[in-house]
Amino acid sequence: MENRYPRVEINLAHLQHNVSRIVERCGSYGIQVAGVIKGATGHPEVAKAFDRGGAAFIASSRLEQIEDAINAGIEKPMMLIRIPMLSEVKDVIRLADISLNSEFEVIKALNEEAKRQGKLHKVILMADLGDLREGFWDKKEMIDVAEYIENKMINIQLVGVGTNLGCYGSISPTADKLQELVDLAEAIEERLGRELEYISGGATSSLMRIWDKDIPKRINMLRIGEGILLARDLDVFYGYDMSELYQDVFRLKAEVIEVKTKPSYPVGTIAIDAFGHTPEYVDRGMRKRALLAMGKVDYGDPSELLPLEEGIEILGASSDHTIVDIEDAARDFKVGDVMSFDICYATIVYLTNCRNVNIAFV
Ligand SMILES: *Cc1c(COP(=O)(O)O)cnc(C)c1O
């Protein structure tokens with residue numbers, strides 16, 4: 001089954017280059033990089049490339065991935081970046097050195113468990129600055145919790161504050177927003193009478209502030225996934241020059257299982273497709289099309305697949321099939337040929353998580 005398709009090829013050298021470049025760029029502003037491995041389902045080889053490239057922390061939303069990274073021999077501090085479930089507190093303490101938190105009850109449970117395991121667990125308190133995913137909304141509550149941790153919790157060490165932007169509410173990490181986080185950190189510092197070690201100013205989208213050279217001075221940690229794995233979003237959506245990074249770390253390859261010329265408009269009474277929808281079909285007459293042996297089960301959304309060759313158009317997909325128009329393709333595709341795609345972040349998450357998909361390193 002070694003050479004089977006569909007296959008995702010991961011270029012580890014290019015990945016490591018991207019990690020190093022981001023670590024360098026951030027480093028020149030005194031910013032440490034938490035390398036977020038969840039985009040590639042925390043594959044140990046990917047985690048190792050983040051480690052070799054110089055990420056200060058290995059970060060994931062999932063404890064299973066953190067455990068895999070530890071078992072792969074990575075010795076960097078492990079960071080859990082999703083607010084812990086109460087039901088996983090024991091494993092959080094066992095596996096993660098540091099976690100992002102927004103619930104007092106959870107932090108109390110972490111403290112109890114850390115005491116049981118004889119550990120000191122670090123926490124970063126998350127502030128919600130308007131993106132409306134995780135984080136304290138009430139700043140007074142956040143400052144009070146910080147003070148409580150500082151004075152009453154023996155096995156929890158408050159190491160900083162953080163925020164997440166551009167995930168649910170599409171809020172941009174403007175210099176003003178990040179300054180708001182710094183101001184909040186300083187309010188906490190005033191209450192505690194000491195400096196916080198980290199101000200964690202967001203994810204890939206915050207790299208815009210580095211590229212624009214206007215990141216507030218005290219931001220000293222970013223948690224970067226997409227900007228290292230793909231380096232696409234800032235380029236495609238915001239027009240930033242990401243040319244110092246490789247955008248070809250991931251390649252998807254699928255095998256052609258049928259090539260035929262067929263009508264472009266379905267023949268018969270149109271009802272619903274396999275997913276209960278009625279898509280629009282355009283009648284372009286008879287067209288040559290190829291059927292690929294991969295489908296939504298493998299990658300999620302076919303519109304996020306980007307054919308690497310000219311003249312190929314993705315028409316649609318069902319669970320296990322992808323239908324592409326090849327009428328205008330430069331290559332004369334035959335059954336058994338392999339078609340290559342560039343992929344988006346969401347696609348990589350699915351592909352690397354799917355047991356039907358072969359992961360290969362090049
Ligand atoms: C996923 C995630 C990140 C990384 O996001 P990218 O956009 O991939 O860089 C950072 N922080 C948190 C809390 C996350 O959930």
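Order of listing sets the numbers, starting from 1, for every ligand and every atom in it. Worth saying up front: this structure is predicted, and the values here are computed from it rather than measured.
- Remark: Lys152 pairs with Tyr148 by the side-chain contact (heavy atoms from CB on, under 4.5 Å) rule, at least two apart or across chains.
- Both Phe237 and Leu207 belong to a common hydrophobic cluster when Ile, Leu, Val, Met, Phe, Trp and Tyr are linked at side-chain heavy-atom distances under 4.5 angstrom.
- Ring-plane geometry between His14 and Tyr246 is classed as parallel, the angle between the planes falling under 30 degrees on a 0 to 90 degree scale with a further cut at 60.
- Here Arg7 does not pair with Glu255 in a salt bridge; the nearest charged N to carboxylate O distance is not below 4.0 Å.
- Stacking of Lys76 on the aromatic ring of Phe57 is not recorded, the 6.0 Å distance cut-off and the 45° axial limit not both being met.
- A salt bridge links Glu244 with Arg21; the closest basic N to acidic carboxylate O contact falls under 4.0 Å.
- Taking a heavy-atom cut-off of under 4.0 Å, ligand 1 is surrounded by Val36, Lys38, Ile81, Leu100, Arg133, Glu134, Asn164, Ala203, Thr204, Arg223, Ile224, Gly225, Glu226, Tyr345.
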